[in-house]
Amino acid sequence: MNKASVPPLLVNGYAKTKLVPPRFKKDDFAVTQAFRSRARFFSLLEAEERLKRLDQPRLISSLHGQIEQILLTIPSWVFFPENSPDETSLIQKYADAFRRILQTLPTNTKFLILINEISQDRLTQWTEEFGITERTEIVTTDNTTRFTVWAQDAYCVCDDKLDNEKYFVEPASFNRADDAYIADRVATKTNLESTQVQLYFQGGNILIGDDFWFIGADYPENSLDLGFVIPAPGESDAKAIARVYGNYLDKSRKLIVVGSRLPVPSQRVRPITINGESWQEILYFGNNKGTVQPLFHIDMFISLAGRSDSGKYRVLVADPAMAASILGEPLPEGAMQDVFDDIASSLSEIEFEVIRNPMPMAYDDDDIDKVRYWYFATGNNVIIQDTPKKVWLPTYGHDQWSKLSLTDQKNKEIWESLGYSVEMLPNFHPFAANLGAAHCITKYLYRM
């Protein structure tokens, strides 16, 4: 993107708003001693049978089946833009996204929505407006609870095939705001159960197909380092990871670890000059030192698309160079094209049908602190079902970034070529600037 052609997005910036914690923070990653202490504690709870261990766990698919029930977590600030006059237009973009999802998901989809108590009346107005009151279950928590919009990450959702119950399965620790309390609060108010296991994972770093599931390589590596996964004598690390993660999360599907065989750059800050002023520029936003993923969650750059007529499973893998070509712009420096290409190649080598789709880069200017954040305007982070085939696609061709409508359209065409109808969601720049999009703000609970 030609830097001179695009003015700053917003004073104080999408990425710097105090309302939305970035989906990635460095303290999300394992602090060795703290995680080991928590693991010992949960080992004791499990040994005392105070934590349920699922006998036949099976993850809810990221694609297969119609969406029967979905979880949203909507903080109070989304409903009260008047309380933040300096950020009213930004808050409205978040509200528009949630409203469109509530309006356009299938007419038999049920909603489970966590809100602060103060938001009850305004959410009720929404559900009445959209005619979804009868299929919406609202769970409230006190107004001081600071959960986030990122409903995807703090747990996985598993069926236990032996006792026919459904569980939130939480990792050993989760440090973003008050999101660690979401599963506990929802479980006590619904027919879902909740348990915790001594593994390191986050929901957005997992994608679940029909007979396989992907996990981004960083988190299993952390579990090995922390002693959560210990190979048996003669057992490889890979087999140990598959055994332990499978026992806790999904015994019926094959686990495939996704990462780059090439070096992945970590977050970098460097000085730049904009309009004659000294600024800083952040590249590789959210990349921790030593990562083997180009983005900290694989749902940001991989989409599951189901099997082709030949029986091969199709996956979309993001391609920044394709986006740059469509836009007629040079490839931005922070695009990590070789890393995305390597991941696409590795999936092809294990017999996936890989389809590349455009993922442009954009930036968010914080005019107060004089910082430019580069981020990916991901079209891979979608809400999706295959019965019938439909995808809810985040879009970015808005306001100062109207040119990105070209890549939005190309992503739409790719999904349509695979037999999916496409619902174009509104402006997702505020989410993407904080390393999330449509998949990140939802959690599938049931599929038909």
Kindly state each residue pair satisfying salt bridge (charged side-chain N to carboxylate O under 4.0 Å, His left out) with at least one member in residues 406-415, sequence neighbours excluded. K412-E416
Salt bridge (charged side-chain N to carboxylate O under 4.0 Å, His left out) partners of residues 308-327, not counting sequence neighbours, each pair once: K312-E351
Does the distance from a Lys or Arg side-chain N to an Asp or Glu carboxylate O, for K93 and E87, drop under 4.0 Å? no
If you compare all heavy atoms of A438 against all heavy atoms of L425, which two are closest, and at what distance to 0.1 Å? CB-CD1, 3.8 Å
Test salt bridge (Lys or Arg N to Asp or Glu O under 4.0 Å) on D159 and R58; report intermediate values, then the result. CA-CA 5 Å; D159 290 321; R58 182 173 172 84; over 6 Å; no
Between K52 and D163 (salt bridge meaning N to carboxylate O under 4.0 Å), is one present in this structure? yes
Could you tell me whether the side chain of S421 and the main chain of K389 form a donor-acceptor pair under 3.5 Å? yes
Side-chain donor or acceptor of S61 paired with backbone N/O of I208 under 3.5 Å: yes
Could you tell me whether D365 and R372 make a salt bridge, using a distance below 4.0 angstrom between a side-chain N and a carboxylate O? yes
Tell me yes or no: between the side chains of T291 and D218, is some donor less than 3.5 Å from an acceptor? yes
List for me each residue that meets salt bridge (Lys or Arg N to Asp or Glu O under 4.0 Å) alongside D342, sequence neighbours excluded, and say none if there are none. R261
Any side-chain donor near an acceptor of the partner, N108 and Q66, under 3.5 Å: yes
Is there a side-chain contact between V186 and Y181 (heavy atoms, below 4.5 Å)? no
Any side-chain to backbone donor/acceptor pair from Q56 onto D160? Under 3.5 Å, distance only. no
I'd like to check the ring pair (Phe, Tyr, Trp, His ring centres under 6.0 Å) partners of F214; sequence neighbours left out, ordered by chain and number. F212, F352
Check ion pair D211-K254 (N to O, under 4.0 angstrom): no
Treating R447 as the side-chain partner and L63 as the backbone partner, does any N or O pair qualify as donor plus acceptor under 3.5 Å? yes
In terms of heavy-atom contacts, does CG of N164 have more than 12 from other residues, nucleotides or ligands at under 6.0 Å? no
Can you classify the ring geometry of Y444 versus H439 as parallel (below 30°), tilted (30 to 60°) or perpendicular (above 60°)? tilted
Do the side chains of R307 and E353 get close enough for a salt bridge, i.e. N-O under 4.0 angstrom? no
Non-hydrogen side-chain atoms of Y200 and D225 separated by less than 4.5 Å: no
Hey, does the side chain of S348 reach the backbone of A344 with a donor-acceptor pair shorter than 3.5 angstrom? yes
State whether the side chain of Q267 and the backbone N or O of G286 hold a donor-acceptor pair below 3.5 Å, judged by distance alone. yes
Between T395 and H398, does a side-chain hydrogen bond (donor to acceptor under 3.5 Å, both in side chains) hold up when you go through it step by step? CA-CA 8 Å; T395 64; H398 305 277; 2.7 Å; yes
Who are the ring pair (Phe, Tyr, Trp, His ring centres under 6.0 Å) partners of W392, not counting sequence neighbours? none
So does R270 pair up with E281, basic N to acidic O under 4.0 Å? yes
Do the non-hydrogen side-chain atoms of V317 and L347 ever get within less than 4.5 Å of each other? yes
Quick check: do V139 and R185 have side-chain heavy atoms less than 4.5 Å from each other? yes
F428: ring pair (Phe, Tyr, Trp, His ring centres under 6.0 Å) partners, not counting sequence neighbours: F431
Neighbour count >12 (heavy atoms, 6.0 Å) for atom NZ, K110: no
Any side-chain heavy-atom pair of Q337 and M322 under 4.5 Å: no
Salt bridge check, R253 against D250: does any charged N sit closer than 4.0 Å to a carboxylate O? yes
Side-chain heavy-atom pair T378, P394 within 4.5 angstrom cut-off: no
